Peer 1: 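Please find one structure pasted underneath; my questions will follow.
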Amino acid sequence: PNPDLYDQTHPLARYPTYLYRMAVLDANLSVPFAIASQTFRYVTTVHGQFTNDIENLAPGDIMIFNDPYRQGTHLNDTSFIRPMFHEGRLVGALALRCHLLDMGGQTTGGFDTTKQSLFHDGIVFPPMLAFRDDKPIKPVLRLFFDNTRFPQVIVPDIMAIAATLRMGEERLRDSIERYGIEAFHG
């Protein structure tokens, strides 16, 4: 049998039937309008992490992280950001945050009233590139899957999230084609 769980579960992932909420970011990976909720506070983290590397981002990239000190929630909430390009130029990004079932740690699900450190909740990921050209960067995702009790659930979740971001980009691209890039930027 193949010991690589990613290869075993990846075929299970399909386009999502659940609609995840997303934010649309401008070309600087910043929220282009005021949002009252802290839901998108993580955008500034990713902007700070990738500002020097924006020129290295490419279509089909997805950045991922779950560090609560950077995004303002707890460890299981994982952020995914997909840059969007038009005519070879970065014009914005889609951002999505979801709650993943388990990130390892000393208790299932990561919630323990006796913990004394964030690291008791599970593995902490700084912002990093997890997909390149719409393909998973296997060592990054294996790090996720090797540190959770439920990789058979996490793998399809992450693939569905990637598909949701891809679908969101397709819808925005349709809008840009219909109304123009100037209307997209407002």
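What you see is a predicted model; the values in this text were computed from it and never measured. Heavy-atom basis, side chains included; hydrogens, waters and symmetry copies ignored.
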Peer 1: Grab the two heavy atoms, one from Asn56 and one from Asp61, that are nearest each other, plus how far apart they are.
Peer 2: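 Closest pair (atom of Asn56, atom of Asp61, distance): O-OD2, 4.1 Å.
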Peer 1: Side chain to side chain contact (heavy atoms under 4.5 Å, CB included) between Ile137 and Met128: does it pass, once the steps are laid out?
Peer 2: CA-CA 10 Å; Ile137 298 172; Met128 63 179 72; over 6 Å; no
Peer 1: Looking only at heavy atoms, which two atoms of Ile123 and Phe125 are closest? And how far apart?
Peer 2: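 Here Ile123 and Phe125 meet closest at CG2-CE1, 3.3 Å.
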Peer 1: Please find the pair of heavy atoms, one from Ile81 and one from Ala95, that lie closest to each other, and give the distance.
Peer 2: CG1-CB, 3.9 Å
Peer 1: Using the test side chain to side chain contact (heavy atoms under 4.5 Å, CB included), find all partners of Val153 that sit at least two apart in sequence or belong to another chain.
Peer 2: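 Result, side chain to side chain contact (heavy atoms under 4.5 Å, CB included) vs Val153: Leu101, Phe150, Asp157.
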Peer 1: Given Leu94, which partner from the list Ile62, Thr164, Leu172 fulfils the side chain to side chain contact (heavy atoms under 4.5 Å, CB included) test?
Peer 2: Leu172
Peer 1: Measure across Ala93 and Pro83 and return the closest heavy-atom pair with its distance rounded to 0.1 Å.
Peer 2: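 Between these two residues, the closest heavy atoms are CB-CA, 3.8 Å.
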Peer 1: Asn147: which residues meet the side chain to side chain donor-acceptor pair (under 3.5 Å) condition with it, sequence neighbours left out?
Peer 2: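 Scan of Asn147 (side chain to side chain donor-acceptor pair (under 3.5 Å), adjacent residues dropped) gives none.
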Peer 1: With rounding to the nearest 0.5 angstrom, report the CZ to CD1 distance, Phe131 to Ile161.
Peer 2: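 Result: 9.0 Å between the selected atoms.
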Peer 1: Is the side chain of Arg149 donor-acceptor paired with the backbone N or O of Gly104 at a distance under 3.5 Å, no angle test?
Peer 2: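 Checking the backbone N and O of Gly104 against the side chain of Arg149, a donor-acceptor pair under 3.5 Å is found.
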Peer 1: For Cys98 versus Phe80, what's the shortest heavy-atom pair and its separation?
Peer 2: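 Smallest interatomic distance, heavy atoms only, reads SG-CE1, 3.7 Å.
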Peer 1: Tell me the closest heavy-atom pair linking Leu90 and Met84, and the distance in Å.
Peer 2: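 Shortest heavy-atom contact: CD1-O, 3.4 Å.
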Peer 1: Rounded to the nearest 0.5 Å, how far does CG of Asp102 lie from CG of Asp121?
Peer 2: 10.0 Å
Peer 1: Calculate, to the nearest 0.5 Å, the distance between atoms NE2 and CD1 belonging to His86 and Ile176 respectively.
Peer 2: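 So the gap between those two atoms works out to 6.0 Å.
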Peer 1: Given 3.5 Å as the limit, does a donor-acceptor pair link the side chain of Asn66 with the main chain of Leu75, or not?
Peer 2: yes
Peer 1: Mind telling me whether His99 and His74 have parallel, tilted or perpendicular rings, with 30° and 60° as the class edges?
Peer 2: tilted
Peer 1: Does the side chain of Phe65 reach to within under 4.5 Å of the side chain of Pro126, using non-hydrogen atoms?
Peer 2: no
Peer 1: Is there a side chain to side chain contact (heavy atoms under 4.5 Å, CB included) between Arg82 and Asp134 once you walk through the steps?
Peer 2: CA-CA 10 Å; Arg82 178 184 178 101; Asp134 284 321; 2.7 Å; yes
Peer 1: Assess the residue pair Ile64 and Phe144 against the criterion (side chain to side chain contact (heavy atoms under 4.5 Å, CB included)); give the C-alpha distance rounded to whole Å, side-chain angles, the decisive distance to 0.1 Å, and a yes or no.
Peer 2: CA-CA 11 Å; Ile64 188 171; Phe144 254 108; 3.4 Å; yes
Peer 1: Which pairs, with at least one residue in residues 173-186 and sequence neighbours excluded, count as a salt bridge (charged side-chain N to carboxylate O under 4.0 Å, His left out)?
Peer 2: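 Qualifying pairs, neighbours excluded: Glu169-Arg173.
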